[in-house]
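Below, all heavy atoms of this structure are taken into account, side chains as well, without hydrogens, waters or symmetry copies.
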Amino acid sequence: MNDFNEIQLMRQNEELLRKQVDAWARNDLDALLSLYNDEMEYVDIPFSDNPIRGKQDFREYLQSYNAQFVTGSVRAEFVNIIASGKAVVGELSCTARYVGAGAPDGGVEITWPVVLIDTIVNGRVSTEHAHFDSQGFAKAIERSTGSAPIAVG
């Protein structure tokens, strides 16, 4: 592959990641899932013993995960993006109003770091590894309520 083609793929993969994060933050699961291959695999690193395979299972996972946040409250800012012709890595800072387990009435504003590592095949995400600070949720809840830490995720 020549340099021009590699640069084009890098740009396309970066744009793909930006579209993913935007669709997730808007909770637009149809738009998000359209960016993944049918036989995709998602690995949530804090819970890596349970990879999610296929779009339908991923949709169900996302519905449950996104239900932890007030719709429309999720914001994701890119800290770094590294792209190649076959993969893209994004480091993000995410903020949302958390209303999941242990949250006080009305929820609590939380911020947590995320690193997404995506393998791209035929212009779509084939595998995704999500590294995030699952303890960040518990710490934010603890600070807002003064309660003991709880397990969330």
Side-chain angles (χ1 to χ4, degrees), residues 1-101 103 107-141 151-153:
M1 181 178 301
N2 66 39
D3 289 343
F4 177 77
N5 289 340
E6 180 70 16
I7 290 169
Q8 288 299 101
L9 284 173
M10 289 167 55
R11 288 181 179 156
Q12 290 170 4
N13 291 342
E14 179 178 340
E15 183 59 25
L16 179 67
L17 179 67
R18 289 182 185 279
K19 287 178 182 178
Q20 282 175 261
V21 171
D22 176 65
W24 169 72
R26 292 182 292 111
N27 199 27
D28 185 345
L29 299 186
D30 290 334
L32 179 62
L33 291 170
S34 74
L35 304 172
Y36 290 79
N37 289 316
D38 290 339
E39 303 303 318
M40 55 78 63
E41 179 178 88
Y42 175 84
V43 179
D44 207 339
I45 295 303
F47 314 103
S48 61
D49 57 337
N50 191 22
I52 298 160
R53 293 183 177 89
K55 286 175 147 181
Q56 184 56 40
D57 287 349
F58 191 41
R59 176 185 291 277
E60 291 170 12
Y61 168 82
L62 288 168
Q63 287 170 331
S64 175
Y65 183 80
N66 288 357
Q68 298 178 103
F69 310 109
V70 171
T71 301
S73 73
V74 177
R75 296 179 308 281
E77 295 181 26
F78 286 95
V79 177
N80 287 300
I81 299 176
I82 301 168
S84 73
K86 296 179 181 179
V88 62
V89 176
E91 178 186 7
L92 302 131
S93 177
C94 299
T95 303
R97 179 152 294 279
Y98 177 78
V99 292
V108 60
E109 190 85 2
I110 63 170
T111 299
W112 71 103
V114 178
V115 175
L116 299 175
I117 303 170
D118 291 352
T119 303
I120 312 300
V121 176
N122 297 324
R124 291 203 168 115
V125 178
S126 180
T127 63
E128 182 167 85
H129 292 84
H131 300 254
F132 73 93
D133 179 11
S134 60
Q135 291 303 308
F137 290 40
K139 290 174 189 172
I141 294 165
V152 296

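Using a 4.5 Å heavy-atom threshold, the side chains of F58 and E41 count as separate. Put simply, the side chain of K55 reaches to within 4.5 Å of the side chain of M40, judged on heavy atoms. In this structure the side chain of L35 reaches within 4.5 angstrom of the side chain of L16, judged on heavy atoms. The side-chain heavy atoms of H129 and I45, taken from C-beta on, include a pair separated by under 4.5 Å.
Considering NZ of K19 and OG of S34, their distance stands at 8.5 Å, rounded to 0.5 Å. With rounding to the nearest 0.5 angstrom, the CG atom of L9 is 10.0 Å from the CZ atom of F4. Remark: T71 OG1 to N66 CG distance equals 8.0 Å, nearest 0.5 Å. The distance from atom CG of L29 to atom CH2 of W24, rounded to the nearest 0.5 Å, is 11.5 Å. Summarising the geometry, atom CD belonging to Q63 is positioned 8.5 Å from atom CG belonging to N27; distances are rounded to the nearest 0.5 Å. Rounding to the nearest 0.5 Å gives a distance of 10.0 Å between CG of D3 and CE of M10.
One side chain, E60 or Q56, offers a donor N or O that lies under 3.5 Å from an acceptor on the other. In the model, S126 has no side-chain atom that pairs as donor or acceptor with a side-chain atom of T119 under 3.5 Å.
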Worksheet item: Going through the distances and angles, do E109 and T95 end up as a side-chain contact (heavy atoms from CB on, under 4.5 Å)?
Response: CA-CA 7 Å; E109 190 85 2; T95 303; 3.0 Å; yes
Practice prompt. Step by step, work out the side-chain contact (heavy atoms from CB on, under 4.5 Å) result for R59 and D30.
Written response: CA-CA 9 Å; R59 176 185 291 277; D30 290 334; 2.7 Å; yes
Worksheet entry | Steps toward salt bridge (charged side-chain N to carboxylate O under 4.0 Å, His left out) verdict (D22, R26) | CA-CA 6 Å; D22 176 65; R26 292 182 292 111; 2.9 Å; yes
Item to complete: Check step by step if side-chain contact (heavy atoms from CB on, under 4.5 Å) holds for F132 and L92.
Response: CA-CA 9 Å; F132 73 93; L92 302 131; over 6 Å; no
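Using modelled atom types, no side-chain atom of Y36 and backbone atom of E39 make a donor-acceptor pair closer than 3.5 Å. The backbone N or O of Y61 lies less than 3.5 Å from no partner atom in the side chain of S64, so there is not a single donor-acceptor pair. Of the possible polar contacts, one joining the R97 side chain to the G107 backbone as a donor-acceptor pair under 3.5 Å is found. Although no hydrogens or angles enter the test, the distance criterion places no donor-acceptor pair under 3.5 Å between the side chain of E91 and the main chain of V115. With N13 contributing its side chain and S84 its backbone, the two residues share a donor-acceptor pair below 3.5 Å.
Proximity of the aromatic rings of W112 and F69 is defined here by a centroid distance below 6.0 angstrom, and this criterion is met.
In this structure, R18 forms a cation-pi arrangement with F78, its terminal cationic atom sitting closer than 6.0 Å to the ring centre and no more than 45° off the ring axis.
Taking D118 as the reference, L17, Q20, V88, L116, I120, V125, E128 meet the side chain to side chain contact (heavy atoms under 4.5 Å, CB included) condition, with sequence neighbours excluded. By the side chain to side chain donor-acceptor pair (under 3.5 Å) test, S93 is found to be paired with no residue, residues two or more places apart in sequence or in another chain being considered.
Of all heavy-atom pairs between A67 and V99, the closest is O-CG2, 3.9 Å.
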